[in-house]
Protein chains: 2
Amino acid sequence: MKKHAVIIVDDHSLMAQALAGLVNEFDEYKVLDTFKNGAELIAGFNAGTKDPEIILLDVKMPVMDGFKTMEWLHTNKPNVQVIVISMEDHENTVLKMLKLGAKGFLLKDTEPDILKSALDTVLTNGFFHTQLVADALLHQSKTGDVIKDDALKETELEFLKLVCQEKTYNEIADIMCKHPKTIDGYRQDLFDKLGVRNRIGLVLYAIRNDLVKL
Amino acid sequence: MKKHAVIIVDDHSLMAQALAGLVNEFDEYKVLDTFKNGAELIAGFNAGTKDPEIILLDVKMPVMDGFKTMEWLHTNKPNVQVIVISMEDHENTVLKMLKLGAKGFLLKDTEPDILKSALDTVLTNGFFHTQLVADALLHQSKTGDVIKDDALKETELEFLKLVCQEKTYNEIADIMCKHPKTIDGYRQDLFDKLGVRNRIGLVLYAIRNDLVKL
DNA sequence: TTAAAAAACAGGAAAAACCCTGATCATTTT
DNA sequence: AAAATGATCAGGGTTTTTCCTGTTTTTTAA
């Protein structure tokens, strides 16, 4: 019997290797290779790695993160089914990945047999939905405007980073060489845009969306 | 040949199962069992699970986290060697775990052969040190006062969590059924204790030390 | 039991954050 | 050229936060 080829992309070696062992235990699947990030994956393809049927993709990775990798895969390997495996269950992440073409979304605390059925289902149905994904899609309207964090301008981003450094708005005005009232404008715009009440909301948003490193 | 018994405690099923597969591939080791958290581990012991030689312990877990579990193990199973396996490389976490009696500290992005040598070394030497651990010990003096986040009292912790929910101090006073001035006292104490200037510092501290979930 | 320590409460004040509205200037769009 | 857009700046007011310095009450320990 020909086994379905799987590639794993995860910067946590233990996780990647271990995941590989798990997949290899499923009779119908075989791990072709594992990579530490998107860049390595692409390098692998260029070096002759054959296309798998399924890629298990982590979100948080250095060098080339899950989103960028997903984007690349969707345009360059449209026939490869991608299942995202993430630590966090942020709805934004789920939605972003689905929009980028992911066929499934699993959390790292998923039971192994769910992984098995995710693999099976993605191959037969082309997608695998958990409750998590359903919820994310349901709340889409509510969080719809929050998703596009691409909408954050450079100035707003810089402002946000400074807020996350315990700076006061006056200090931020100095650093950014802008009038304090301008800074107050940034603040107001971001409050509206992100739907938060105060600076803490900004910090939480920035952290949740990896706009700042801890 | 008799194999060394290992138990894995990690709330991420995929990680736990996969890790088990990995350890089972090492000739000299055998996974006795896996548990989702400290409470389940203890329940397992009570239900007759035999003591392993080594426990691989995750830090972030619901119900009974790594620290509490480590504490319990150190007093109740002093002969079991514990290797902590963590996502984050916070020095505080490393030091805390070492103080609680952990014999090794690995990150989840460790290479599998490092895990192998960690297992071997812990059995023969009684500990396994990586550069990470060495660094943590070196900086111990500097961060000495920050380490003891045990010093955070229950009220302070509750206050901190509410701060991380965009609440104002007056709202927090209502929720905690305390006078606003009392809350202001908590705030001041925490500012001094943690060395921060404003609420944002509190939020960052809470997040960095996993006191709140994102 | 009494002394000491810790937790809760208080007043007052300055700084910072928050909110709304509108003006000015430069750049794009039509 | 005129209109629309977007970024910057402004005024002025309310609320919240931050920072002092204390007092009272409760808990803990000697």
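Sequence lines set the chain letters: A, B, ... in the order given, protein chains first and strands last, and positions in each chain run from 1. Hydrogens, waters and symmetry mates play no part in the numbers below; they use all other heavy atoms, side chains included.
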Roughly, in whole Å, what's the span from [atom1] in [X] to [atom2] in [N]?
X       : N       : atom1 : atom2 : result
M176(A) : dA7(D)  : CE    : C1'   : 12 Å
H179(B) : dT24(D) : NE2   : P     : 15 Å
I183(B) : dT16(D) : CD1   : P     : 15 Å
N198(A) : dT14(D) : CG    : C1'   : 16 Å
E171(B) : dT16(D) : CD    : P     : 8 Å
I200(A) : dC18(C) : CD1   : C1'   : 14 Å
R187(B) : dA7(C)  : CZ    : P     : 17 Å
E166(A) : dA16(C) : CD    : C1'   : 15 Å

Original post:
Sub-3.5 Å donor-acceptor pair from the side chain of H179(A) to the main-chain atoms of K181(A), do we have one?
Top reply: yes

Original post:
Is the backbone of E166(A) close enough, under 3.5 Å, to the side chain of N198(B) for a donor and an acceptor to pair up by distance?
Top reply: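 The answer is yes, because a donor-acceptor pair under 3.5 Å joins these two groups.
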
Side-chain N or O of [X] less than 4.0 angstrom from OP1 or OP2 on [N]?
X       : N      : answer
K178(B) : dC9(C) : no
Y186(B) : dA8(C) : yes
K153(A) : dA7(D) : yes

Subject >> Y169(A), nearest nucleotide to its side chain (from dA8(C), dA17(C), dA7(D)) >> reply: dA17(C)

Original post:
Which of the following nucleotides, dT18(D), dC19(C), dC9(D), is nearest to the side chain of F191(A)?
Top reply: dC19(C)

Original post:
Do D174(A) and Y169(A) have side-chain N/O donor and acceptor atoms under 3.5 Å apart?
Top reply: no

Original post:
For S86(B) and K108(B), does a side-chain donor sit closer than 3.5 Å to a side-chain acceptor?
Top reply: no

**OP:** I would like to know whether E53(B) and K30(B) meet salt bridge (charged side-chain N to carboxylate O under 4.0 Å, His left out); could you show each step before the answer?
**Re:** CA-CA 10 Å; E53(B) 289 182 74; K30(B) 183 168 171 44; over 6 Å; no

Original post:
Base, sugar-phosphate, or nothing: which does R199(A) touch, judged by heavy atoms less than 4.0 Å apart?
Top reply: sugar-phosphate

Original post:
Does a distance-only test, which skips hydrogens and angles, find a donor-acceptor pair under 3.5 Å between the side chain of D184(B) and the base of dC19(D)?
Top reply: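 Under the 3.5 Å cut-off, the side chain and the base do form a donor-acceptor pair.
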
**OP:** Check whether the side chain of K181(A) and the base of dG12(D) form a donor-acceptor pair under 3.5 Å.
**Re:** yes

Original post:
Roughly how far, to the nearest 0.5 Å, is the CD1 atom of I114(A) from the CG atom of L119(A)?
Top reply: 11.5 Å

Subject >> C1' atoms of dT15(D) and dG22(C), separation to the nearest Å >> reply: 22 Å

**OP:** Dump the intermediate steps for side-chain contact (heavy atoms from CB on, under 4.5 Å) on L123(B) and Y29(B), then the final yes or no.
**Re:** CA-CA 11 Å; L123(B) 282 185; Y29(B) 298 91; 3.7 Å; yes

Original post:
Where each residue is assigned the nucleotide of DNA chain C containing its nearest heavy atom, which of N170(A) and R197(A) is assigned the position nearer the 5′ end?
Top reply: N170(A)

Subject >> Contact nearer the 5' end of DNA chain C, comparing T168(A) with C177(B) >> reply: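 Closest to the 5' end, via its nearest nucleotide, is C177(B).
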
Original post:
Just checking, K77(A) and F45(A): is the charged tip under 6.0 Å from the six-membered ring centre and within 45° of the axis?
Top reply: yes

Subject >> Base-contact (B) and sugar-phosphate-only (S) positions in nucleotides 21-29 of chain C, heavy-atom cut-off under 4.0 Å, - elsewhere >> reply: ---------

